[in-house]
Amino acid sequence: DGGITQSPKYLFRKEGQNVTLSCEQNLNHDAMYWYRQDPGQGLRLIYYSQIVNDFQKGDIAEGYSVSREKKESFPLTVTSAQKNPTAFYLCASRPAINTDTQYFGPGTRLTVL
Amino acid sequence: AQSVTQLDSHVSVSEGTPVLLRCNYSSSYSPSLFWYVQHPNKGLQLLLKYTSAATLVKGINGFEAEFKKSETSFHLTKPSAHMSDAAEYFCVVRVYGGSQGNLIFGKGTKLSVKP
């Protein structure tokens, strides 16, 4: 069953803790993306990766970090430096550099207590 | 630079009546435009996309959108709303240039469907 999986679906953390959100795809897509979604603000790009072992900052990268050691995996770490981390986080992937459609995972809702 | 503006944050229709969700875009290039749909607490699903082949684009679930260059618009329509259409809809434009392949999202339009 091909697709993009994100885990966990719901995540709670205490203030001051780092937390890592998982994103895995078995579509053999080259590019992967992390977005943050807040009510009424659409999706904002955090980080993206066009190929393995390379990634770029998006519009709101401060307080976040990523790695891309394997083609199928693109984990996102929300650090304690992120001032307002409570949000819905979406991972997406795109087949290749000359395509434009992105495919989305089901999302992880992070709540900071 | 590219951008999209969704003109309504919330649209409410009755079941069986037409749906119109409005989107204006700005792009220095011939744009690639998309509509995505998101049901509550779910990921986004592609409804349709425009990539210059035809100005009227048909998508899934009976939706379609018309690209109008003169009006810089890409409005989403459906002749008859169904209860299952209640969701949030995003108009999206592809970035050309530095961040090749990246997407810029509108702020979304929440569609409510009354019985």
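First the proteins, then the strands, lettered A, B, ... as listed; each starts at 1.
In the hydrophobic clustering of ILVMFWY residues, with side-chain heavy atoms under 4.5 Å counting as a link, A/Y89 and B/Y36 come out apart. Under a hydrophobic clustering in which Ile, Leu, Val, Met, Phe, Trp and Tyr are joined whenever their side-chain heavy atoms come within less than 4.5 Å, directly or via other members, B/L76 and B/V93 fall into the same cluster. Both A/F88 and B/F90 are assigned to one and the same hydrophobic cluster, defined by single-linkage of ILVMFWY side chains at heavy-atom distances under 4.5 Å. Under the 4.5 Å side-chain contact rule for hydrophobic residues, B/L56 and B/F63 do not share a cluster. Linking Ile, Leu, Val, Met, Phe, Trp and Tyr whenever their side-chain heavy atoms come within less than 4.5 Å puts B/V113 and B/L47 in one cluster.
The shortest heavy-atom contact between A/L90 and B/K42 is CD2-O, 4.4 Å.
For a residue to count as touching a neighbouring chain, one of its non-hydrogen atoms must lie under 4.5 Å from one of that chain's; by this rule B/Q6 does not touch chain A. The contact between B/S32 and chain A is made entirely by side chain atoms (from C-beta outward), counting heavy-atom distances below 4.5 Å. With a 4.5 angstrom heavy-atom cutoff, A/L45 touches chain B only via side-chain atoms.
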Side chain to side chain contact (heavy atoms under 4.5 Å, CB included) between A/Q102 and B/F34, intermediate numbers included | CA-CA 10 Å; A/Q102 292 185 17; B/F34 308 78; over 6 Å; no
Please walk me through it: do A/Y35 and B/L44 pass side chain to side chain contact (heavy atoms under 4.5 Å, CB included)?
-> CA-CA 11 Å; A/Y35 294 93; B/L44 275 69; over 6 Å; no
Which pairs would a plain distance check flag for residues 15-25 of chain B, meaning a side-chain donor or acceptor within less than 3.5 Å of a matching protein atom at least two apart in sequence or in another chain?
from, atom 1, to, atom 2, distance (Å)
B/T17, OG1, B/S14, N, 3.3
B/T17, OG1, B/S14, O, 2.6
B/R22, NE, B/D8, OD2, 3.0
B/R22, NH2, B/D8, OD1, 3.0
B/R22, NH2, B/D8, OD2, 3.4

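The environment of NZ in B/K110 is sparse: at most 12 heavy-atom neighbours from other residues, nucleotides or ligands sit within 6.0 Å.
Annotation: residues 103-113 of chain A contacts chain B through A/F104, A/G105, A/P106, A/R109 [non-hydrogen atoms, separation under 4.5 Å]. Contacts from residues 58-66 of chain A to chain B, taken as heavy-atom pairs separated by less than 4.5 Å, involve no residues at all.
For residues 56-81 of chain B, the pairs satisfying salt bridge (charged side-chain N to carboxylate O under 4.0 Å, His left out) are B/K58-B/E64, B/K78-B/D85, with sequence neighbours left out.
Per-residue heavy-atom pair counts under 4.5 Å with chain B were compared for A/K9, A/Q37, A/R44, A/Q6, and the maximum is reached by A/Q37.
Going from atom OH of A/Y10 over to atom CG of B/N41 covers 4.5 Å, rounded to the nearest 0.5 Å.
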